[in-house]
Amino acid sequence: ADYVPTDMVMLSIPFDSTTYSEKKYLKREAAEALEKMFAKASEKGLSLIGVSGYRSYERQQAIYNHNLRSDRETLTSLYSAIPGCSEHQSGFAIDVSCKGIYCRLEEEFAATAEGIWVAKNAHKFGYILRYPEDKSEITGYAYEPWHIRYVGKKLAKHLYKNNLTLEEYYGYVPSSAVTEEAHYGNAIDVEDSSHFIEQ
């Protein structure tokens, strides 16, 4: 509950809101790699948008509790980590989206030009799609094409080339069973919509 990553810096990328927030931070190495990735995407005419980077224990707790009020526990657990178990708290993970879907965190991101490019190129910058399609029983989380995690170029390339998740690489098995649920929607990281950037 009291863990805070060291060496965090504010990201210099477009975000879905203009207000100051802890979600605009990542650990320095991850931040530098992400900024390079966003710059390359921009060169290709793509408009990637940051939505949620670092999350403190307290912020994850607020998000999780909000989602519990909106949905059943089994459904919430597919998309929201319990406080203290979120990769966002590590400072190595970020959710990304694009203007074309109004910066939402939904599966349709995978079908956008930005989502397709991220899936094919994130590993070149040391990032992986953390919760891939058809791997929910392995990761313990539903498909999240927007959630990327920094692991370094060498490991990212290996995982991408061999179609592996971190769980498969380390031989880890999730402790709780994953159940099939309906589409979850966009309550993963709730923000005041009045702060969204103009589309």
Side-chain angles (χ1 to χ4, degrees), residues 11 13-16 23 26-27 29-42 44 46-55 60 63 77-81 85-174 178 180-181 183-189:
L11 288 157
I13 61 168
F15 264 88
D16 67 333
K23 73 177 190 172
L26 283 180
K27 287 182 69 69
E29 183 178 353
E32 290 172 354
L34 187 75
E35 288 168 0
K36 290 176 182 176
M37 186 171 80
F38 268 55
K40 181 59 72 174
S42 181
K44 302 291 184 180
L46 303 172
S47 60
L48 285 174
I49 303 292
V51 177
S52 185
Y54 169 70
R55 290 184 204 156
Q60 183 67 24
I63 292 168
S77 66
L78 285 176
Y79 288 87
S80 294
C85 296
S86 171
E87 287 195 336
H88 288 276
Q89 192 176 348
S90 72
F92 284 118
I94 185 168
D95 295 335
V96 298
S97 190
C98 62
K99 292 180 179 180
I101 59 169
Y102 304 101
C103 306
R104 293 189 305 266
L105 300 178
E106 296 183 351
E107 285 187 19
E108 66 181 301
F109 174 66
T112 66
E114 287 81 1
I116 292 168
W117 187 88
V118 167
K120 291 182 178 179
N121 293 279
H123 68 282
K124 298 174 183 176
F125 302 89
Y127 277 87
I128 60 171
L129 291 183
R130 186 61 182 90
Y131 305 118
E133 193 170 16
D134 301 325
K135 298 253 184 174
S136 294
E137 291 185 5
I138 295 169
T139 65
Y141 286 90
Y143 177 40
E144 293 188 3
W146 60 81
H147 181 104
I148 57 176
R149 159 80 183 260
Y150 182 77
V151 296
K153 286 185 180 181
K154 184 176 179 180
L155 180 55
K157 181 179 179 181
H158 176 79
L159 297 177
Y160 178 81
K161 181 179 178 182
N162 294 283
N163 191 30
L164 296 172
T165 63
L166 279 180
E167 285 78 12
E168 291 168 308
Y169 180 75
Y170 286 111
Y172 173 78
V173 179
V178 176
E180 292 185 10
E181 293 283 355
H183 182 65
Y184 184 64
N186 188 30
I188 295 92
D189 189 1

Report the C-alpha distance between Tyr141 and His147 in whole Å, list the side-chain angles of each, state the deciding distance to 0.1 Å, and finish with yes or no for side-chain contact (heavy atoms from CB on, under 4.5 Å).
CA-CA 11 Å; Tyr141 286 90; His147 181 104; over 6 Å; no
Passes side-chain contact (heavy atoms from CB on, under 4.5 Å), Tyr160 versus Lys124? Steps please.
CA-CA 9 Å; Tyr160 178 81; Lys124 298 174 183 176; over 6 Å; no
Before you tell me yes or no, could you show the steps for Val96 and Ile148 under side-chain contact (heavy atoms from CB on, under 4.5 Å), namely the whole-Å CA-CA distance, both residues' side-chain angles and the distance that decides it to 0.1 Å?
CA-CA 8 Å; Val96 298; Ile148 57 176; 4.2 Å; yes
Please report the C-alpha distance between Ile138 and Glu168 in whole Å, then the side-chain angles of each, then the deciding distance to 0.1 Å, and finally whether the side-chain contact (heavy atoms from CB on, under 4.5 Å) criterion is met.
CA-CA 7 Å; Ile138 295 169; Glu168 291 168 308; 3.3 Å; yes
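Shortest non-hydrogen contact noted between Lys120 and His123 is O-CE1, 3.0 Å. Nearest heavy-atom pair, Ala30 versus Gly91, reported as atom, atom and distance to 0.1 Å: CB-O, 4.1 Å. Of all heavy-atom pairs spanning Ile116 and Ala110, the tightest one is CG1-O, 3.4 Å. Nearest heavy atom pair, residue Gly50 against residue Ile94, reads CA-CD1, 4.5 Å. Contact record, Asp16 with Cys103: CB-CB, 3.8 Å, taken as the closest heavy-atom pair.
For Glu107 and Tyr143, the side-chain atoms include no donor-acceptor pair closer than 3.5 Å. Looking only at atom types and distance, the side chain of Ser90 has no donor-acceptor partner in the side chain of Glu87 under 3.5 Å away.
In this structure, OG in Ser86 is found 5.0 Å from CZ in Arg55, a value given to the nearest 0.5 Å. In this structure, the separation between OG1 on Thr139 and OH on Tyr131 is 7.0 Å, given to the nearest 0.5 Å. The CH2 atom of Trp146 sits 10.5 Å away from atom CD of Glu108, with the distance rounded to the nearest 0.5 Å. Note: Trp117 CH2 to Lys44 NZ = 8.0 Å, rounded to the nearest 0.5 Å. The line from NZ of Lys36 to OH of Tyr127 is 11.5 Å long, rounded to the nearest 0.5 Å.
For an aromatic pair to be called close, the ring centres must be under 6.0 Å apart, and Tyr169 with His158 satisfies this.
Between Pro132 and Thr165 there is a side-chain heavy-atom pair separated by less than 4.5 Å. Put simply, the side chain of Glu29 does not reach to within 4.5 Å of the side chain of Lys27, judged on heavy atoms. The closest side-chain heavy-atom distance from Asn121 to Lys40 is not below 4.5 Å. Asp95 is listed as a side-chain neighbour of His88, based on a closest heavy-atom distance under 4.5 Å. Inter-residue side-chain proximity for Lys99 and Ile49 is flagged as met; some heavy-atom pair is nearer than 4.5 Å. In this structure, the side chains of Phe109 and Glu144 stay at 4.5 Å or more apart for every pair of heavy atoms. Annotation: side chain of Leu11 is in contact with side chain of Leu26 (closest heavy-atom distance under 4.5 Å). Contact of the Glu114 side chain with the Ser47 side chain is registered, since non-hydrogen atoms from C-beta on lie closer than 4.5 Å.
A salt bridge between Glu167 and Lys135 is absent, with no side-chain N of the basic residue lying under 4.0 Å from a carboxylate O of the acidic one.
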